[in-house]
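Note that ligands are numbered from 1 as they come in the structure, with each ligand's atoms numbered from 1 the same way. The analysis underlying the following values was restricted to heavy atoms, covering all of them including side chains, and did not include hydrogens, waters or symmetry mates.
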Amino acid sequence: MDAFEAQELGRLAIALAREGGELAAERRRGVIEVAATKSSAADPVTAVDREVEELLRRRIAEARPNDAILGEEGDDKPGTSGYTWVLDPIDGTVNYLYDQPAWGVSVAVCTGHPHPTEWTVVAGAVAAPALGHLWHAWQGGGAFLDGEPIRVNEVEDLEVALVATGFGYLAEQRAEQGRIFAGVIEHVRDIRRLGSCAVDLCMVADGTLDAFFESGINAWDMAAGEVIIREAGGDVSGLGGERASEKMLLAGNPVIAGKLARVVGSAGNAQSGSV
Ligand code: IPD
Ligand code: CA
């Protein structure tokens, strides 16, 4: 893949995220209802999640009919080009439902098997209309917020790091995440729970946050954010420096992400009784 192709894919990711964001923002002016629930009663899908994903799928089929698609709200679509689009039509659906501003349309495209431990994310964009922002990056091109270059913060001391995290929708998973939270909070400046993993990752990239960690997130929550953080000079990994996955994702500048990994790791070990 040459630089021109990455740029072309990046420009399409921006256009898709922007158009999806405009549609969701327009629909948000009306009444938003829960259309269905997923992993638990607390895990909603609205008709707008589905409508935005359908729009994105249509646009990709028009522009790049041979690409595969992996989306939060639809079936996997196979392709022959070697590229897979990874879509989260609304990341932060609970925020969207309550009209809290931290939600975003996350669009990414990767090569390789479309799984966080195997893919290479080539380009990504996250539109957050209620925040008035759009972040984007493509491989080798740098990362941008509203067209301006961004960089992760240089903080190296965890004690003064502003960290974000998130929680899944299952009670058991949350109980474990809460115990890890309790083990981390004493080591950091503070912890934010904004409600959209995609937005959290973009905020680490632009320095609005210093670092992020969450267990149990899906490929579509992290795909665009991963390339945006990397292009902003940050690291995205799992607990032991392995690739990030559904098990755990940590992000920040390389020093702070490494320090956070140690604290999260020992909080996890302490709660499972092995330390
Ligand atoms: C959720 C958000 C949230 C994170 C959850 C995700 P959704 O995605 O990203 O911040 O904590 O793990 O499932 O359900 O709003 O698309
Ligand atoms: Ca999501």
Side-chain angles (χ1 to χ4, degrees), residues 16-17 20-21 24-25 27-28 32-54 56 69-74 85-108 114-116 121 124-131 135 163-178 180-181 184 191-205 208-209 211-226 228-229 236 238 244-251 264:
L16 293 169
R27 293 287 183 266
R28 191 43 269 189
I32 304 298
E33 277 169 8
V34 176
T37 56
K38 295 198 284 189
S39 58
S40 76
D43 184 1
V45 187
T46 73
V48 186
D49 291 75
R50 291 173 176 163
E51 192 184 358
V52 172
E53 183 154 327
E54 278 158 23
L56 300 177
I69 301 176
L70 171 69
E72 179 163 15
E73 312 301 346
W85 292 85
V86 184
L87 310 174
D88 196 335
I90 298 182
D91 186 52
T93 300
V94 172
N95 281 345
Y96 183 76
L97 189 62
Y98 285 78
D99 210 6
Q100 291 277 348
W103 55 269
V105 177
S106 176
V107 176
H115 184 272
V121 186
V126 176
L131 298 171
W135 295 263
V163 176
T165 191
F167 307 111
Y169 293 105
L170 299 172
E172 202 177 300
Q173 181 189 20
R174 281 189 174 178
E176 183 187 326
Q177 287 169 325
I180 293 178
F181 184 106
V184 173
I191 300 185
R192 296 286 178 268
R193 195 300 189 240
L194 300 177
S196 162
C197 170
V199 172
D200 288 321
L201 292 172
C202 290
M203 287 186 168
V204 172
T208 319
L209 292 167
F212 172 77
F213 71 97
E214 186 170 346
S215 57
I217 50 183
N218 294 296
W220 41 79
D221 302 318
M222 66 172 101
E226 179 175 326
I228 293 169
I229 291 198
V236 174
S245 70
E246 295 88 347
K247 260 198 232 156
M248 181 60 77
L249 181 152
L250 294 129
V264 170

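When only interatomic distances are considered, the shortest N/O to N/O separation between Asp200 and ligand 1 does not fall below 3.5 Å. Between Arg193 and ligand 1, at least one pair of N/O atoms sits closer than 3.5 Å. For the pair Ala198 and ligand 1, the shortest N or O to N or O distance does not fall below 3.5 Å. Considering backbone and side-chain atoms together, Glu72 places an N or O closer than 3.5 Å to an N or O of ligand 1. Taking any N or O of Gly168, backbone or side chain, none lies under 3.5 Å from an N or O belonging to ligand 1. At least one N or O atom of Gly195, backbone or side chain, sits closer than 3.5 Å to an N or O atom of ligand 1.
Of the candidates Asp43, Asp221, Asn95, Thr165, Asp221 brings a heavy atom nearest to atom 6 (C) of ligand 1.
The shortest non-hydrogen separation linking Pro114 to Leu70 is O-CD2, 3.7 Å. Shortest non-hydrogen contact noted between Ala102 and Leu131 is CA-CD1, 4.2 Å.
Side-chain contact between Arg27 and Tyr96: present, with at least one pair of heavy atoms (C-beta onward) separated by less than 4.5 Å. The side-chain heavy atoms of Leu87 and Ile69, taken from C-beta on, include a pair separated by under 4.5 Å. Looking at heavy atoms from C-beta onward, Ile90 lies in side-chain contact with Asp49 at the 4.5 angstrom threshold.
Annotation: the span from Ser40 atom OG to Arg174 atom CZ amounts to 6.5 Å, rounded to 0.5 Å.
Minimum-distance N/O/S atom of Asp91 relative to the Ca ion (ligand 2): OD1.
Those atoms of ligand 1 with a heavy atom of Ile217 less than 4.0 angstrom away are 12 (O). Within ligand 1, the atoms closer than 4.0 Å to a non-hydrogen atom of Gly92 are 7 (P), 15 (O), 16 (O), numbered from 1 in the order shown. Annotation for ligand 1: atoms under 4.0 Å from non-hydrogen atoms of Glu214 are 4 (C), 5 (C), 11 (O), 12 (O). Here is the list of ligand 1 atoms found below 4.0 Å of a heavy atom in Tyr169: 1 (C), 7 (P), 13 (O), 14 (O), 15 (O). Those atoms of ligand 1 with a heavy atom of Gly166 less than 4.0 angstrom away are 11 (O).
Remark: Lys38 NZ is packed, more than 12 non-hydrogen atoms of other residues, nucleotides or ligands lying under 6.0 Å away.
In this structure, Trp220 does not count as a contact residue of ligand 1, since none of its heavy atoms falls inside 4.0 Å of the ligand. At least one heavy atom of Ile90 lies less than 4.0 angstrom from ligand 1. Not a single heavy atom of Gly216 sits less than 4.0 Å from an atom of ligand 1.
Put simply, the side chain of Thr165 gets close to the backbone of Phe213: a donor and an acceptor are under 3.5 Å apart. Using modelled atom types, no side-chain atom of Asp43 and backbone atom of Thr37 make a donor-acceptor pair closer than 3.5 Å. Under the 3.5 Å distance criterion, the side-chain polar atoms of Glu246 are left unmatched by any main-chain donor or acceptor of Ala219.
Vertex the Ca ion (ligand 2); arms to Asp221 OD1 and Asp88 OD2; angle rounded to 10 degrees, 90°.
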